[in-house]
Amino acid sequence: MLTGAGISAESGLPTFRGADGIWKSLRPEEMASVDGFSRDPATCWAWYQHRRRAYHAAEPNAGHLALAEIARRVADFTLITQNVDRLHQRAGNSAVIELHGNAIENHCFRCGEPAGAVSAESDDLVPCSHCGGWLRPSVVWFGEMLPVDALEKAAQAARSATVFLSIGTSAQVYPAAQLPVLAHHRGATLIEINPEPTSITHLARHHFRAPSGTVLPQIVAALPGA
Ligand code: BJW
Ligand code: ZN
């Protein structure tokens with residue numbers, strides 16, 4: 001199962017590319033890229049601090065909670081997320097493959113030293129205690145490699161899946177967008193949950209054209225033994 005920003009929309013967090021997506025007013029490559037941070041670290045850092053405050057204030061919604069319940073009840077369940085907000089973990093999913101890292105922790109932009117979480121109160125840049133370089137969020141920016149281990153595990157899960165759900169993602173960012181396609185080509189039944197059609201809708205056996213916070217609890221209710 002692959003999730004994207006849409007599953008957190010009902011927690012009040014904006015998606016990236018929807019009508020009110022955060023990138024309607026910002027160019028992605030200006031913020032979510034190594035070049036962007038190099039050019040203007042203060043603005044980039046402030047943008048992430050702003051988003052962190054929203055993540056801390058948000059609560060997991062019915063969709064996140066339903067996925068945690070599905071993980072408890074379905075054997076061989078793998079949750080792959082592109083999200084960096086950690087709401088799946090806060091909903092109770094312990095094993096989450098984070099393809100794009102997470103926005104809670106940091107590491108040094110210069111030397112790579114891990115730095116953990118920092119307070120989100122101030123927008124001021126924070127220096128690395130090791131080398132004095134600026135900290136950056138531990139997310140995967142455009143042009144950066146995804147964590148190899150996470151990508152391998154995700155591809156393996158997609159290859160061996162009998163059912164693959166694609167939830168709340170526009171399926172526009174690679175290589176994550178390749179995972180539902182891979183699962184489909186390997187014979188999995190592809191199910192999409194998204195109020196809008198996407199680039200993979202034509203491959204889906206079922207497209208639930210509704211919010212995930214509505215559809216996922218219905219799937220839990222339909223599980224055997226419910
Ligand atoms: C709801 C809902 C509700 C709303 N319920 N649904 C192959 C082809 C072409 C390009 C490339 C390629 N391979 C690589 C690339 C380049 C690039 C890429 O993909 N570009 C495309 C844009 C074309 N990829 C990369 O650079 C990746 N790295 C890489 O490939 O490295 C290899 C390499 C490196 C160097 C040299 C050579 C090779 C890295 C990609 C990293 C993406 N990072 C971001 C930012 C993370 C940090 C941050 O958060 O700031 O990750 S981009 C952003 O998009 C974020 C998301 O995880 C990601 C996906 O977005 P998502 O989740 O799909 O959100 P939306 O907003 O797009 O969609 C939301 C959906 O929800 C919509 O469909 C709504 O309808 C729906 N929805 N309400 C259910 N209630
Ligand atoms: Zn450093």
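Atoms within a ligand are numbered from 1 in the order they appear, just like the ligands themselves. If you're wondering where the values come from, they're calculated on a predicted model, not measured in any experiment.
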Seminar exercise, completed: dist Thr189:OG1 -> Leu165:CG (nearest 0.5 Å) comes out at 10.0 Å
Problem set entry | N/O separation below 3.5 Å, Glu196 to ligand 1 | no
Problem set entry | Contact check: Thr198 vs ligand 1, nitrogen or oxygen atoms, below 3.5 angstrom | no
For this session: Kindly check if the number of other-residue, nucleotide or ligand heavy atoms within 6.0 Å of CZ (Arg205) is above 12?
Result: no
Problem set entry | Identified side chain to side chain contact (heavy atoms under 4.5 Å, CB included) partner of His100 from the options Val139, Val84, Asn83 | Val84
Problem set entry | Backbone or side-chain N or O of Ala210 under 3.5 Å from ligand 1 N or O | no
Exercise. For ligand 1, which part of Leu146 has a heavy atom less than 4.0 Å away: the side chain, the backbone, both, or neither?
Worked result: side chain
For this session: Record the part of Arg17 in heavy-atom contact with ligand 1 below 4.0 Å; permitted values are side chain, backbone, both and neither.
Result: both
Exercise. Which atoms of ligand 1 are found less than 4.0 Å from any heavy atom of Pro211?
Worked result: 3 (C), 5 (N), 80 (N)
Seminar exercise, completed: Note: ligand 1 atoms sitting under 4.0 Å from heavy atoms of Ala9 are 78 (N)
Exercise. Counting backbone and side chain alike, does His130 bring an N/O/S atom below 2.8 Å of the Zn ion (ligand 2)?
Worked result: no
Seminar exercise, completed: Among Thr201, Val140, Val34, the residue with a heavy atom nearest to atom 41 (C) of ligand 1 is Val140
Problem set entry | Met1 and its side chain to side chain contact (heavy atoms under 4.5 Å, CB included) partner, picked from Ile167, Leu179, Ile191 | Ile167
For this session: Say whether Val181 and Ile193 are linked into one hydrophobic cluster, either directly or through other cluster members, by side-chain heavy-atom distances under 4.5 angstrom.
Result: no
Exercise. Which pair of heavy atoms, one from Glu98 and one from Arg86, lies closest together, and at what distance?
Worked result: OE2-NE, 2.8 Å
For this session: Enumerate the atoms of ligand 1 whose separation from the nearest heavy atom of Gly4 is less than 4.0 angstrom.
Result: 62 (O)
For this session: Pull out every atom of ligand 1 sitting under 4.0 Å from any heavy atom of Tyr48, numbered as shown with elements.
Result: 47 (C), 48 (C), 50 (O)
For this session: Report the angle formed at the Zn ion (ligand 2) by atom SG of Cys111 and atom SG of Cys131, rounding to the nearest 10°.
Result: 110°
Seminar exercise, completed: Checking Val96, Thr3, Leu2 against Ile80 for side chain to side chain contact (heavy atoms under 4.5 Å, CB included), the one that qualifies is Leu2
For this session: Flag Trp141 as yes when one of its N or O atoms lies below 3.5 Å from any N or O atom of ligand 1, and as no otherwise.
Result: no
Exercise. So is Ala32 polar-close to ligand 1, meaning N/O to N/O under 3.5 Å?
Worked result: no
Exercise. If you measure every N/O of Val139 against every N/O of ligand 1, is any gap under 3.5 Å?
Worked result: no
Exercise. Regarding His64 and Ser8, is there a side-chain donor-to-acceptor distance under 3.5 Å anywhere?
Worked result: yes
Exercise. Can you name the closest pair of heavy atoms from Phe77 and Ile70 and give their distance?
Worked result: CE1-CG2, 3.7 Å
For this session: Spell out, as yes or no, whether a donor-acceptor pair under 3.5 Å connects the side chain of Glu121 to the backbone of Arg53.
Result: no
Exercise. Would Arg51 and Tyr55 count as having a side-chain donor-acceptor pair, cut-off 3.5 Å?
Worked result: yes
Problem set entry | Min N/O separation Pro175 to ligand 1 under 3.5 Å | no
Problem set entry | From the candidates Met145, Glu144, Gln172, Glu98, the one that places a heavy atom nearest atom 28 (N) of ligand 1 | Glu144
For this session: Could you list which atoms of ligand 1 come closer than 4.0 Å to a heavy atom of Val84?
Result: 49 (O)
For this session: Please work out whether any backbone atom (N, CA, C, O) or any side-chain heavy atom from C-beta onward of Glu10 is under 4.0 Å from ligand 1, and answer side chain, backbone, both or neither.
Result: side chain
Problem set entry | More than 12 heavy atoms of other groups within 6.0 Å of His130 NE2 | no
Problem set entry | Short N or O distance, Arg51 and ligand 1, threshold 3.5 Å exclusive | yes
Problem set entry | N/O separation below 3.5 Å, Asn194 to ligand 1 | yes
Seminar exercise, completed: Under 4.0 Å from one or more heavy atoms of Gly143, ligand 1 contributes atoms 25 (C), 26 (O), 34 (C), 35 (C)
Exercise. Looking at Lys153 and Asp149, does any basic side-chain N land under 4.0 Å from a carboxylate oxygen?
Worked result: yes
For this session: Would you mind listing which atoms of ligand 1 come within a distance below 4.0 Å of any non-hydrogen atom of Val173?
Result: 19 (O), 40 (C), 42 (C), 54 (O), 58 (C), 59 (C)
For this session: Classify the angle between the aromatic ring planes of Phe37 and Phe109 as parallel (below 30°), tilted (30 to 60°) or perpendicular (above 60°).
Result: tilted
